[in-house]
> 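Supplied in structure tokens, the structure appears directly below.
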Amino acid sequence: MDPEKTPQDWQRLWRSVVDAVGAELAALAPEERASLRGDLEEIRELQEELHLLFLAAGGAGLCAACDGECCGLGRHHLTLANLLPFLLAAEEPPPLDFGRTCPLLGEGGCILEAGRRPYNCVTFLCEAVEERLTPADRERFGNLETDLRRRYGDLESRYAGAGMRGLLLRAETLAGRPFLGPPPMARGATNKPSRA
């Protein structure tokens, strides 16, 4: 990433990504959109389960006490899987503030509900939170995280812009190629997303 970019540069890049993904999504065949909607719903459900474990361990209070220090380390974690639910629901994604340490941080914490947050944000546990999980909850958290990682990987195997790497980072790598096109190694494969 270019450290010389200003918050306004990041905002322009973000807007161009949202517009490009929206146009590509509109061109997908209805069956592909329905399949994608189901995949994203499964991701949302897993992320909400992870968040419930986080809350049960007192995570919200611990994060408030440290003022979300770890959130400042995740400047570009938002992925295609986090943007698509907004676009599929014909919702405008919330405005991002690239002047903050994380553009997803608002005055009261993360501006996204748990089911739409980036993978890193719902799977990271600081020591203080992890210590409060019961052994059974730690095991459950690990199993959910493994399942969630697999589902993000499934999307990455279908779409060039998907994966757990941040969408703005992915945009630079794609250099204008379609986000919802096949990944580079799958270009010759027959499992390309169908277009309307």
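Starting from 1, each residue takes its place in the sequence as its number.
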> Charged N to carboxylate O under 4.0 angstrom, E107 versus R100?
yes
> Could you pull out the closest heavy-atom pair between P93 and L83, with the gap in Å?
CG-CD1, 3.5 Å
> Quick one: is the NZ or CZ of R116 closer than 6.0 Å to the six-membered ring centre of F86, and within 45° of its axis?
yes
> Search all heavy atoms of A160 against all heavy atoms of P182 and return the closest pair with its distance.
CB-O, 3.5 Å
> Evaluate L84 against L155 for side-chain contact (heavy atoms from CB on, under 4.5 Å), listing each step before the verdict.
CA-CA 11 Å; L84 285 171; L155 283 180; 5.8 Å; no
> If we only count heavy atoms from C-beta on, is the L168 to L78 side-chain gap below 4.5 Å?
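Not touching, per the 4.5 Å side-chain cut-off.
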> Can a side-chain donor-acceptor contact be found between T6 and D9 if the only test is distance below 3.5 angstrom?
yes
> Going from OH on Y159 to CG on D154, what distance comes out if it is rounded to the nearest 0.5 angstrom?
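So the gap between those two atoms works out to 11.0 Å.
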> What's the separation between atom CZ in R170 and atom CG in L80, rounded to the nearest 0.5 Å?
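Atom-to-atom, R170:CZ and L80:CG are 9.0 Å apart.
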> Would you check if the side chain of N82 reaches a backbone N or O of R117 as a donor-acceptor pair within less than 3.5 Å?
yes
> Indicate yes or no for a side-chain donor-acceptor contact from T146 to the backbone of G142 under 3.5 Å, with no hydrogens or angles considered.
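Flag set: sc T146 to bb G142 pair under 3.5 Å.
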> V129 and G59: which non-hydrogen atoms are nearest, and at how many Å?
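Shortest heavy-atom contact: CG2-CA, 3.9 Å.
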> Are L105 and I111 side-chain neighbours, meaning at least one heavy-atom pair lies under 4.5 Å?
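When only atoms from C-beta onward are counted, I111 and L105 do not touch, as no gap falls below 4.5 Å.
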> Between C121 and H51, is the side-chain contact (heavy atoms from CB on, under 4.5 Å) condition met? List the steps.
CA-CA 10 Å; C121 302; H51 189 64; over 6 Å; no
> A side-chain contact here means heavy atoms from C-beta on lying under 4.5 Å apart; do L36 and L40 qualify?
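In contact.
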> Could you measure the distance from the CD atom of E41 to the CG atom of L88? Nearest 0.5 Å is fine.
11.0 Å
> In Å and rounded to the nearest 0.5 Å, what is the CG to CG distance from L144 to L50?
5.0 Å
> L167 and G161: which non-hydrogen atoms are nearest, and at how many Å?
CD1-O, 3.8 Å
> If you measure from the Lys or Arg side-chain nitrogens to the Asp or Glu carboxylate oxygens, is any gap between R151 and E156 under 4.0 Å?
no
> Which heavy atom in F179 sits nearest to a heavy atom in A20, and how many Å separate them?
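That closest heavy-atom pairing would be CE1-CB, 4.0 Å.
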> For residues H77 and N120, report the shortest heavy-atom separation together with the two atoms involved.
CE1-ND2, 2.8 Å
> Inspect the contact between E24 and R177 and indicate whether a charged nitrogen and a carboxylate oxygen are less than 4.0 angstrom apart.
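Salt bridge: no.
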> Does R140 pair with E49 as a salt bridge, N-O distance under 4.0 Å?
yes
> How long is the straight-line distance from OG1 of T79 back to OH of Y152, given to the nearest 0.5 Å?
4.5 Å
> Any donor-acceptor pair under 3.5 Å linking the side-chain atoms of R165 with those of T173?
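Looking only at side-chain atoms, R165 and T173 do form a donor-acceptor pair, the distance falling under 3.5 Å.
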> First locate atom CG of D39, then atom CZ of R44, and finally report the distance between them rounded to the nearest 0.5 Å.
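It is 13.5 Å, given to the nearest 0.5 Å.
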> Using side-chain contact (heavy atoms from CB on, under 4.5 Å), reason through R149 and T123 one step at a time and then give a plain yes or no.
CA-CA 10 Å; R149 179 180 290 272; T123 60; over 6 Å; no
> Are the side chains of L104 and P118 in contact, using a 4.5 Å heavy-atom criterion?
yes
> So, R132 and D137, do they make that salt bridge, N to O below 4.0 Å?
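Answer for the salt bridge query: no.
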> Taking atom CD as the centre, does E127 end up with more than 12 heavy-atom neighbours from other residues, nucleotides or ligands that are less than 6.0 angstrom away?
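Count not over threshold, so no.
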> Any heavy-atom pair between the side chains of V17 and L13 that's under 4.5 Å?
yes
> Taking the side chain as every heavy atom from C-beta outward, state whether E113 and E48 have any pair of such atoms under 4.5 Å apart.
yes
> Linking I/L/V/M/F/W/Y whenever any side-chain heavy atoms sit under 4.5 Å apart, do L169 and F124 land together?
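No: no chain of side-chain contacts under 4.5 Å links L169 to F124.
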> Is a side-chain donor or acceptor of R138 paired with a backbone partner of E130 at a separation under 3.5 angstrom?
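Here the side-chain-to-backbone pair exists.
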> Using a 4.5 Å cut-off on heavy atoms from C-beta on, say whether the side chain of R12 contacts that of P7.
no
> Taking NZ, NE, NH1 and NH2 as the nitrogens, is one of them in E42 or R37 under 4.0 Å from a carboxylate oxygen of the other?
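Salt bridge between E42 and R37, a charged N being under 4.0 Å from a carboxylate O: no.
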> Is E139 atom CD crowded by more than 12 heavy atoms from other residues, nucleotides or ligands, each under 6.0 Å away?
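No.
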> Could you check whether any side-chain heavy atom of V122 comes within less than 4.5 Å of a side-chain heavy atom of L46, counting everything from C-beta outward?
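Counting from C-beta outward, V122 and L46 never come under 4.5 Å.
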